[in-house]
Amino acid sequence: ATLGDELSAVATTLQNHRHAIQVTVKGETNNQVLSYDGVDFKLLQVHFHAGSEHTIDGDQKPLETHFLHWSDPGSLLVRGLMLVGANPTLEKFLARR
């Protein structure tokens with residue numbers, strides 16, 4: 001399954017904060033778990049930056065995605081993903097900034 005398929009199975013909210021598009025995963029419907037170093041982290045939020053926040057060898061990518069995960073002890077785990085290539089649907093949404 002793709003991330004989009006997985007997220008459609010949980011309750012989410014979608015917000016455009018002008019500097020980022022944010023998808024927040026809600027409470028008990030959240031079945032998105034990542035295990036790292038023996039600790040389970042639930043997906044809390046996914047957000048996208050049009051024009052990456054970070055660079056690779058000085059090169060800014062068109063889109064950067066951050067996946068924020070939370071664990072019961074209160075720890076956060078953040079995964080970042082640089083995206084390249086066109087996505088017409090996402091580009092339309094980002095154009096509303």
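- Remark: Asp40 CG to Leu77 CG distance equals 11.5 Å, nearest 0.5 Å.
- Checked by atom type and distance alone, the side chain of Glu64 pairs as donor or acceptor with a backbone atom of His54 at under 3.5 Å.
- Val23 and Leu81 end up in the same hydrophobic cluster when Ile, Leu, Val, Met, Phe, Trp and Tyr side chains are linked at under 4.5 Å.
- Two residues are said to be in side-chain contact when any heavy atoms from C-beta on lie closer than 4.5 Å; Leu34 and Leu43 fail this criterion.
- In this structure, Phe41 and Val39 approach most closely via the heavy-atom pair CD1-O, 3.4 Å.
- Ser52 and Met82 make their closest contact through CB-SD, 3.6 Å (heavy atoms, listed as atom of the first residue, atom of the second, distance).
- Distance check: Ser71 OG to Asp37 CG gives 11.0 Å after rounding to the nearest 0.5 Å.
- In this structure Asp72 satisfies the side-chain hydrogen bond (donor to acceptor under 3.5 Å, both in side chains) test with no other residue, sequence neighbours excluded.
- Atom CZ of Phe67 and atom CD of Gln45 lie 11.5 Å apart (nearest 0.5 Å).
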